[in-house]
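The structure under discussion appears below in the form of structure tokens.
Start at 1 and go down the list; that is how both ligands and their atoms are numbered.
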Amino acid sequence: MQRKKRVLITGGAGFIGSHLADKLINEGYTIIVMDNLITGSLKNIEHLFPLKEFEFYNHDVTKFVHIPGELDFILHFASPASPNDYLRIPIHTLKVGSLGTHNLLGLAKEKRSVFLIASTSEIYGDPLENPQAEEYWGNVNPIGPRGVYDEAKRFMESMTMAYHRYHNIDIRIARIFNTFGPRMRLDDGRAIPNFMVQALKNEDITVYGDGNQFRSFCYIDDLVEGIYKLMLSNYIYPINLGFPDMITLNLIAEEIIKLCNSKSKIVYKPLPEDDPKIRKPDITKAKRILNWEPKINRQEGLKRTLEYFRSILK
Ligand code: UDP
């Protein structure tokens with residue numbers, strides 16, 4: 001009998017990583033989650049612990065990484081991802097994208113694993129082109145507060161491509177746009193969890209700036225499907241994964257108030273420094289190369305997410 005393929009997911013106790021772990025277990029893989037739990041939570045993966053196809057390492061990938069046995073894929077998802085988190089732990093954020101990526105590429109070289117990285121729409125910075133296609137080089141402030149995340153992820157892409165070119169490592173680069181769904185932390189600080197918690201508690205909804213900035217929000221199940229298709233493809237260049245329609249923050253706040261039947265009112269707070277004014281993925285490549293596009297509309301995604309937040313707040 002053929003052995004099951006083994007996959008290492010760094011950051012596998014986090015929001016996206018844990019959903020990916022579920023997906024890959026369901027698809028018949030053996031999963032190793034590595035996480036140091038600085039932003040992830042064991043709650044997200046506790047249901048996997050009884051499975052023989054599952055292993056967990058509490059480890060910081062900026063330190064040397066050793067895994068015995070074969071590894072078919074390494075999915076590098078470890079990183080603080082919410083602006084609140086990376087402002088709070090900026091040096092860790094830089095280290096996990098740089099030193100962590102280097103360690104894991106070394107592991108990929110040793111094991112001849114396919115190496116997939118969770119890059120981000122933040123590599124486009126505050127974009128001057130809309131929508132953002134993969135060919136756009138971006139508009140990033142390296143020394144601004146968000147630079148710690150943006151530059152770590154840009155370095156991660158460069159390092160990954162260099163290992164491909166010089167060591168012939170088989171790579172995949174997912175540029176992930178705003179994503180939401182169950183298992184986001186209630187105190188994560190991002191727009192959708194903040195608005196939902198505020199709406200459910202009938203507290204003020206904190207919109208930053210004038211609320212006319214645009215974002216495109218993708219539901220987690222769709223994103224995970226895209227990552228899975230990318231993993232199984234042989235496409236080595238960056239590929240955008242996200243929801244192609246955009247909406248203002250004001251409108252999403254109103255949608256959430258309505259959905260929650262909430263008495264909350266919108267209040268306006270200062271816009272964080274370098275907060276992008278617009279973000280919208282061009283997913284032509286994902287459609288053509290991966291035959292992927294999101295299927296779950298925002299209303300449906302918001303409903304499913306709301307159920308989760310309700311259950312946690314109870
Ligand atoms: N935002 C907001 N209120 C909040 C949290 C975020 O208005 O309580 C805004 C934020 O300034 C940004 C947008 O929502 O313009 C999306 O922010 P998020 O932190 O979700 O992710 P980002 O797209 O900035 O990475």
Next item on the list: Identify, by atom number and element, the atoms of ligand 1 in contact range of Asn194, meaning under 4.0 Å from any of its heavy atoms.
Entry: 4 (C), 5 (C), 8 (O)
Next item on the list: Say whether Asp60 and Thr62, considering side chains only, have a donor N or O and an acceptor N or O under 3.5 Å apart.
Entry: yes
Check: Quick check: are there more than 12 heavy atoms from other residues, nucleotides or ligands sitting under 6.0 Å from CG of Asn234?
Finding: no
Note to self: Looking at Lys43 and Glu46, is any side-chain nitrogen of the basic one under 4.0 Å from a carboxylate oxygen of the acidic one?
What the structure shows: yes
Item checked: Contact partition for Gln213 relative to ligand 1, non-hydrogen atoms under 4.0 Å -> side chain
Margin query: Only heavy atoms of Phe195, strictly under 4.0 Å: list the atoms of ligand 1 that pass.
Written below: 2 (C), 3 (N), 4 (C), 7 (O), 8 (O)
Next item on the list: Determine whether any heavy atom of Gln198 lies closer than 4.0 Å to an atom of ligand 1.
Entry: no
Next item on the list: Please work out whether the ring planes of His66 and Phe64 are parallel, tilted or perpendicular, with thresholds of 30° and 60°.
Entry: parallel
Check: atom 20 (O) of ligand 1: which protein heavy atom is closest, and how many Å away?
Finding: Ala191 N, 2.9 Å
Note to self: Test of understanding: given a 4.0 Å heavy-atom threshold, classify the contact between Thr206 and ligand 1 as side chain, backbone, both, or neither.
What the structure shows: both
Next item on the list: Using a strict cut-off of 4.0 Å, indicate which atoms of ligand 1 neighbour a heavy atom of Arg146.
Entry: 22 (P), 24 (O), 25 (O)
Next item on the list: Record the part of Pro276 in heavy-atom contact with ligand 1 below 4.0 Å; permitted values are side chain, backbone, both and neither.
Entry: neither
Check: Which part of Arg279 is near ligand 1, with near meaning a heavy atom under 4.0 Å away: side chain, backbone, both or neither?
Finding: side chain
Notebook entry, point to check: Which protein non-hydrogen atom lies closest to atom 16 (C) of ligand 1, naming both residue and atom, and how far is it?
Noted result: Arg215 NE, 3.7 Å
Checklist line | Top protein contact for atom 14 (O) of ligand 1, by heavy-atom distance | finding: Leu249 CD1, 3.2 Å
Check: So with a 6.0 Å cut-off around CZ of Arg288, is the heavy-atom count from everything else above 12?
Finding: yes
Margin query: Measuring from atom 9 (C) of ligand 1, which candidate in Tyr208, Tyr86, Phe177 has the nearest non-hydrogen atom?
Written below: Tyr208
Note to self: With the threshold set at under 4.0 angstrom, would you say Gly189 reaches ligand 1 through any of its heavy atoms?
What the structure shows: yes
Next item on the list: May I ask you to check whether Asn130 and Tyr136 show a side-chain donor-acceptor distance below 3.5 Å?
Entry: no
Check: Does the Thr30 side chain pair with the main chain of Lys4, one donor and one acceptor, at a distance under 3.5 Å?
Finding: no
Margin query: Quick check on contacts: which atoms of ligand 1 are under 4.0 angstrom from a heavy atom of Val207?
Written below: 7 (O)
Note to self: Is it the case that atom CD in Glu53 sees more than 12 heavy atoms from other parts of the structure closer than 6.0 Å?
What the structure shows: yes
Notebook entry, point to check: Is it the side chain, the backbone, both or neither of Pro83 that has a heavy atom closer than 4.0 Å to ligand 1?
Noted result: side chain
Margin query: side chain to side chain contact (heavy atoms under 4.5 Å, CB included) for Ile239 and Trp292? Distances and angles first, verdict last.
Written below: CA-CA 11 Å; Ile239 199 145; Trp292 173 86; over 6 Å; no
Item checked: Top protein contact for atom 19 (O) of ligand 1, by heavy-atom distance -> Arg190 CG, 3.3 Å
Check: Is the Phe115 ring parallel, tilted or perpendicular to the His76 ring (thresholds 30°, 60°)?
Finding: tilted
Notebook entry, point to check: Any side-chain donor paired with an acceptor under 3.5 Å for Asp282 and Thr284?
Noted result: yes
Check: Heavy-atom distance under 4.5 Å between the side chains of Phe217 and Leu302, does that happen here?
Finding: no
Check: Given Ile205, Thr179, Asp275, which one has a non-hydrogen atom that is nearest to atom 10 (C) of ligand 1?
Finding: Asp275
Next item on the list: Any atoms of ligand 1 less than 4.0 Å from a non-hydrogen atom of Pro272? List them with their elements.
Entry: 11 (O)
Next item on the list: With heavy atoms only and a cut-off of under 4.0 Å, state how Asn178 meets ligand 1: side chain, backbone, both or neither.
Entry: side chain
